[in-house]
Amino acid sequence: MNDMTENPGADRIADLLETRMSGDARRTLSDLARNARRVPAQTHILDELDEAPEVVLLFDGWVSLYKTLGEGHNQIVDFAIPLEIVHPASADGHTATFSMQAVTDSTVLTLKAARWDQLLAGDRGLARLDTVLSRAARSRVSERMLRLGQANAKTCVAYALVELCLRLGARGRTDECAYHLPITQQKLGEFVGLTSVHVCRILGQMSDAGIIESTDHIDIRVHDPDALLALAGVEFDALAGEILPPLG
């Protein structure tokens, strides 16, 4: 945490909040954002088994939540994207259950239990937001776990692309969904339990079939949503209802 700098974009974050939600929760989060810190990409925000804060609020950037199984074998449990409220503590209430690393330059704020409880007690909108974000996180991890355990590799990758498409703004069905993933194919592999070589091969197969177009950086453009949804084994509207929290 020592290489964090003062948050240079509080006003921009307030504008983001203005477009994403309304009411008391927006006002509270806007105030909190002014005390957030800027975290450079690749910074470890929290290590597994560290003393964990009650919440980590992500206002800007991408953060990976991951577990390590020795010898550098990582499994990304989830990605946090802007306006996520992450609860990193395990069942004992103070030990971090996963590590957190900034994937991109990010703006975060960590809060201890006493301060968070105080905020929730005074702001029903924030308490409601915390609840719906927690439900959405549980739902998307459950859906991904089902495919990691029971589906083939292509289905796992297809599901991840659909999930990230939804989370990055596709709340209504469109003919195409284009978005940027600020991760490598190795990190996408850690997200879906595959090697980077396997991920590269699957993305190539999907591209050859005309389902998507992708670049190494990774930019994704979905040309055939129906085919991608079929590979993922999901229905667009049903999945959106499960994993996208209402932010209004």
Open item on the list: Run the side-chain contact (heavy atoms from CB on, under 4.5 Å) test on Gln186 and Glu190 for me, step by step, so that the C-alpha distance in whole Å, both residues' side-chain angles and the decisive distance to 0.1 Å come before the verdict.
Closed with: CA-CA 6 Å; Gln186 178 181 342; Glu190 291 176 4; 3.4 Å; yes

Open item on the list: Once rounded to the nearest 0.5 Å, what's the spacing between atom SG of Cys165 and atom CD1 of Ile212?
Closed with: 11.5 Å

Open item on the list: Please determine whether residues Val192 and Val77 belong to a single hydrophobic cluster, defined as Ile, Leu, Val, Met, Phe, Trp and Tyr linked transitively by side-chain heavy-atom distances below 4.5 Å.
Closed with: no

Open item on the list: Using 0.5 Å steps for rounding, measure from the CE atom of Met206 to the CD1 atom of Ile220.
Closed with: 9.0 Å

Open item on the list: With a 6.0 Å cut-off (strictly less than), is the heavy-atom count around NZ of Lys112, excluding the residue itself, greater than 12?
Closed with: no

Open item on the list: Check Glu242 with Arg138, please: is the shortest side-chain N to carboxylate O separation under 4.0 Å?
Closed with: no

Task: From CD1 (Ile76) to CG (Asp78), nearest 0.5 Å - done: 9.5 Å

Open item on the list: I need the Ile45 CD1 to Ser99 OG distance, nearest 0.5 Å.
Closed with: 11.0 Å

Task: Over 12 non-hydrogen atoms of neighbours within 6.0 angstrom of CD in Gln205 - done: yes

Task: Closest heavy-atom pair and its distance - Val132, Pro245 - done: O-CB, 3.9 Å

Open item on the list: When you group the ILVMFWY residues by side-chain heavy-atom contacts below 4.5 Å and let the links chain together, are Leu146 and Leu231 in the same group?
Closed with: no

Task: Within the 6.0 Å centroid threshold, strictly below: Phe79 and Phe191 - done: yes

Task: Ring geometry between His87 and Trp116 (parallel below 30°, tilted from 30 to 60°, perpendicular above 60°) - done: perpendicular

Open item on the list: If I take atom CG from residue Leu65 and atom CD from residue Glu48, how far apart are they, to the nearest 0.5 angstrom?
Closed with: 11.0 Å

- [ ] Examine Leu32 and Leu120 and state if one hydrophobic cluster contains both, with Ile, Leu, Val, Met, Phe, Trp and Tyr joined whenever side-chain heavy atoms are less than 4.5 Å apart.
- [x] yes

TODO: For Asn152 and Thr155, test the side chains for any donor-to-acceptor distance below 3.5 angstrom and give the result as yes or no.
DONE: yes

- [ ] Give the cluster check for Leu109 versus Leu133: same hydrophobic cluster or not, with ILVMFWY residues linked at side-chain heavy-atom distances below 4.5 Å.
- [x] yes

- [ ] Output, in order, the C-alpha distance, side-chain angles, deciding distance and verdict of side-chain contact (heavy atoms from CB on, under 4.5 Å) for Leu229 and Tyr159.
- [x] CA-CA 8 Å; Leu229 290 166; Tyr159 175 80; over 6 Å; no

Open item on the list: Test side-chain contact (heavy atoms from CB on, under 4.5 Å) on Asp105 and Val39; report intermediate values, then the result.
Closed with: CA-CA 6 Å; Asp105 293 348; Val39 182; over 6 Å; no

Task: Atom pair OG1/CZ of Thr43 and Arg38 - distance to nearest 0.5 Å - done: 11.0 Å

Task: Minimum heavy-atom distance Ala232-Arg147, with the two atoms named - done: O-NE, 2.9 Å

Open item on the list: Quiz question: by atom type and distance under 3.5 Å, do the side chains of Asp123 and Thr28 form a donor-acceptor pair?
Closed with: yes

- [ ] Flag yes if Leu148 and Leu188 sit in one hydrophobic cluster, no otherwise; membership is Ile, Leu, Val, Met, Phe, Trp, Tyr, and two members link when side-chain heavy atoms are under 4.5 Å apart.
- [x] no

- [ ] Would you check, one step at a time, whether the test side-chain contact (heavy atoms from CB on, under 4.5 Å) holds for Met100 with Val86?
- [x] CA-CA 10 Å; Met100 298 182 65; Val86 180; 4.1 Å; yes

